[in-house]
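Note sheet for the following structure.
Each ligand, and each atom within it, is numbered from 1 in the order the structure gives.
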Amino acid sequence: MSIRTERTTGTDLPPPAPTTSAARLRGRESPTWLRFTRMSAAMVVQRAATLYAAKVRRDPVADLFTGSRLDPYDRYEQLRAAEAGDPLPKSSLGLRYTTNHAFTQQILTSRAFGAVPGHDRDGWFDGDIDLSLLQLNPPDHTRLRRIVTPAFGRGRMIRYENRIRETVDRLLDAVPADEPWDLMSRFSASLPIAVIVDLLGIEDYDEPTFLRYGAAIGGALDGVRSPRHAAEMIRTQQDLRRIFEELFARRAKDPREDVISGLVAARDEHRIAPEDMVGLCALLLLAGFETTVNLIGNAVLCLLRNPQQWQALVADPALAAGAVEETLRYLSPVQLTSRFALERTELGGVTFEPGEAVIPFLAAANRDPKVFERPLEFDITRPNAAEHLAFSGGAHYCLGAPLARLEGRIALQALVQRFPTLHIAGPTERRRGMTLYGAKHLVVSA
Ligand code: HEM
């Protein structure tokens, strides 16, 4: 399989993508009520109508997005079987999709595909949320990403390790020793919030409020559900803007050793446009906890459902790194992403026209039997688990992957050491939504 690209010429050539700051300024010129009206009237209705029409036509992708009762992993296996004779099929929503590991990897790493269509930023999932890096193509993307990369590199993790351990200990000291407790609300959600808030330099945060922000923006990754959800998103964006702008002003006067101080310094050296800073900080904040919460929850769920694997980890906590990789593969916290052809491109015998969208189902690629033996088994000693694509690939490869891995490893080691007989002590419930996969509640007991 290979990707063949063909550059369009003359009048076919899409106009260049707007620069980051121009795109932001355009968004900020719209008054709030107008943006709300646009979202509620246009996005919500259009999305619901499109999905409903496709669902009526028994479109398998529409079925996934409209909250089919079928577990998405069962649906992926159906899609995979159908793709055997029809690679990269087109859903009646107009999107192509794939469950294939090799195609997914090629799409993510190819320069012929971008995170947004080069000529039109109002894509199907896009709407009015500022997702910063996730909505930029090179070269704007490269320039902005370079500024924050050093703060999340592997080298920095040594510095963060003790702070993460202290946070884990503080949270686990507070859970009840002799009665059931919800791992999600008492631990899995609190840890990544506390860590990312600490790294960014946000003081005096209110955890329930931040969880609400995460739910509003995280939920919007599947599309805005209702006018109420749209209003909540706008409020969240306004609140985050206020929080970050106050912090930029404080750090300009009193710089510290945190990510925000680094961004303020970059702004003063004209390396980052001021209007790009809030979106970037909001992405770091929300990507920092809306995903890792599910890594920790999914890992504990898989381990406790496979007691011999939990026991193996109790006996040898050094297996925690493998347990993290296998969880990312087996129950991926981010199930899918989307890409758009930036030019006419061929992949797997299919020609993509410029602007055409494709959904690589990361979670399905992570169970591709061509790459993973016994893909439906959870095995923390799997030798090639790290070949998963749970952190995506190419230019948008997760910036926080080293941090997420570190948090996951420390969390699991602490849990097996403190609670070797931990077990599930109540019904588990999956959180709503398609893009992010995790438990809403996971009641456990020592
Ligand atoms: C288990 C936890 C995590 C998972 C599964 C995850 C997954 C992902 C995925 C799949 C993408 C790329 C989406 C795409 O290609 O369209 C991504 C991007 C990103 N992630 Fe994570 N993430 C996790 C944790 C974190 C953490 C802790 C941070 C903290 C800063 C973070 C920050 C980011 C950022 C900034 C991007 C955008 C990168 C870019 O577009 O250049 N993530 N993540």
Below 4.0 Å, non-hydrogen atoms only: which portion of L283 touches ligand 1? Side chain, backbone, both or neither. side chain
Please examine the side chains of Y330 and Y73, heavy atoms only from C-beta on, and report whether any two atoms are closer than 4.5 Å. no
Nearest protein heavy-atom contact for atom 16 (O) of ligand 1: which residue, which atom, what distance? T337 OG1, 2.6 Å
Side chain or backbone, does H141 bring an N or O within less than 3.5 Å of an N or O on ligand 1? yes
Short list, please: which atoms of ligand 1 are under 4.0 Å from a heavy atom of A390? 5 (C), 7 (C), 10 (C)
So F361 and Y97, would you call those rings parallel, tilted or perpendicular, with 30° and 60° as cut-offs? perpendicular
For atom 13 (C) of ligand 1, grab the closest protein heavy atom and report residue, atom and distance to one decimal in Å. L134 CD2, 3.8 Å
Under a heavy-atom criterion of less than 4.0 Å, does G393 contact ligand 1? no
Would you verify whether the NZ or CZ of R329 falls within 45 degrees of the ring axis of F372 while also being under 6.0 Å from that six-membered ring's centre? yes
With a heavy-atom distance limit of 4.0 Å, tell me whether F152 approaches ligand 1 through its side chain, its backbone, both, or neither. side chain
Measuring from the heavy atoms of A115, does anything fall under 4.0 Å of ligand 1? no
Numbering the atoms of ligand 1 from 1, which are under 4.0 Å from a heavy atom of R339? 14 (C), 15 (O), 16 (O)
Nearest heavy atom to atom 40 (O) of ligand 1 wins, so pick from Q135, E407, H396. H396
Quick check on the 6.0 Å ring-centre criterion: do H141 and H396 meet it? yes
Would you call the rings of W181 and F419 parallel, tilted or perpendicular if under 30° counts as parallel and over 60° as perpendicular? tilted
Sub-4.5 Å side-chain heavy-atom contact between L95 and K90: no
If the condition is ring pair (Phe, Tyr, Trp, His ring centres under 6.0 Å), which residues does F289 pass it with, not counting sequence neighbours? none
Answer with side chain, backbone, both or neither: which part of A395 has a heavy atom less than 4.0 angstrom from an atom of ligand 1? backbone
Under 3.5 Å, side chain of E353 to main-chain N/O of R344, donor-acceptor pair present? no
Less than 6.0 angstrom separating the ring centers of F152 and Y160, yes or no? no
So that I know where these two stand, are F340 and F352 an aromatic pair - ring centroids less than 6.0 Å apart? no
Atom 38 (C) of ligand 1: closest protein heavy atom, distance to 0.1 Å, is R145 NH1, 3.3 Å
Over-ring placement of R367 relative to Y76, 6.0 Å and 45° cut-offs: no
For ligand 1, note which part of L295 has a heavy atom under 4.0 Å away: side chain, backbone, both or neither. side chain
Hey, is the main chain of L362 close enough, under 3.5 Å, to the side chain of Q335 for a donor-acceptor pair? no
Check for me: within less than 2.8 Å of atom 21 (Fe) of ligand 1, which protein N/O/S atoms show up? C398 SG
